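Heads up: the structure comes next, in structure tokens.
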Amino acid sequence: MCGQPVWGIAALAACSYLSYLSYLHVRRQGFNWKHDAWSMATYAVWILLLSGLTGATRCLRERLFFALVLANFAMGFLLTVWGDAPREAVRDVRIISLGLWGLAALVSLGVAFSSGQGAAGKRVT
């Protein structure tokens, strides 16, 4: 992603949209959460994918971006598995998620406009 602006801009758009959705849930007090097997499997696949992507990066901004997105999906998985989560806990996770999506959107700007240089100063391809 680093050094290739299209991916950072795509990440900015996606994270901005997810941040907006989180904001709407908080604003409308929509604190219901799905607890079905399909949602659990979807979150698990995203967590595995993002874990691999986070470990495969050489750009610090990109690694931070994937870590923020991974944290969001991990919280979603936790709430999907936790069937009797209190409403306050779900609300708190929604608020944290809103902040993390917003922060991921900001970090993706840094990714979009980074030079593509790795930690050792070598160009990331």
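If you're wondering where the values come from, they're calculated on a predicted model, not measured in any experiment.
A single hydrophobic cluster is seen to contain both I96 and L21, as judged by linkage of ILVMFWY side chains at heavy-atom distances under 4.5 Å, directly or through other members. Linking ILVMFWY side-chain heavy atoms closer than 4.5 Å, directly or via other members, places V90 and W82 in a single hydrophobic cluster. Side-chain heavy atoms closer than 4.5 Å link hydrophobic residues (I, L, V, M, F, W, Y) into clusters, and following such links, possibly through other members, connects L49 to I47. Placement of V81 and Y43 within a single hydrophobic cluster is found when ILVMFWY residues are connected by side-chain heavy-atom separations under 4.5 Å, directly or transitively. Two different hydrophobic clusters hold I9 and F66 under the rule that ILVMFWY side chains link at heavy-atom gaps under 4.5 Å.
For L12, the side chain to side chain contact (heavy atoms under 4.5 Å, CB included) partners two or more places apart in sequence, or in a different chain, are S16, A105, S108, L109. Residues passing the side chain to side chain donor-acceptor pair (under 3.5 Å) test with R63 are T57, sequence neighbours excluded.
In this structure, S97 and M75 have side chains that are in contact, with non-hydrogen atoms separated by less than 4.5 Å. A heavy-atom distance below 4.5 Å is not found between the side chains of L68 and N72. Under the 4.5 Å side-chain criterion, counting only non-hydrogen atoms from C-beta, H25 is not in contact with R91.
Interatomic distance, CZ of F31 versus CD of E88, reported as 9.5 Å (0.5 Å rounding). Atom CG of residue L53 and atom CG of residue L48 lie 11.0 Å apart, to the nearest 0.5 angstrom. How far CZ of R87 is from CZ of R94: 10.5 Å, rounded to the nearest 0.5 Å. Considering CZ of F65 and CG of L103, their distance stands at 10.5 Å, rounded to 0.5 Å.
Ring geometry, F73 versus W46: the interplanar angle falls under 30°, so the pair is classed parallel (tilted spans 30 to 60°).
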Side-chain donor-acceptor distances from residues 33-42 under 3.5 Å, at least two apart:
residue	atom	partner	partner atom	Å
W33	NE1	G76	O	3.4
W33	NE1	T80	OG1	3.0
H35	ND1	L79	O	3.2
H35	ND1	T80	O	3.1
H35	NE2	W33	O	3.1
D36	OD1	W38	N	3.3
D36	OD1	S39	N	2.6
D36	OD1	S39	OG	2.8
T42	OG1	W38	O	2.8

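When all heavy atoms of C15 and W101 are compared, the pair lying nearest together is CB-O, 3.7 Å. Scanning both residues, V107 and L64, for their nearest heavy atoms gives CG2-CD2, 3.8 Å.
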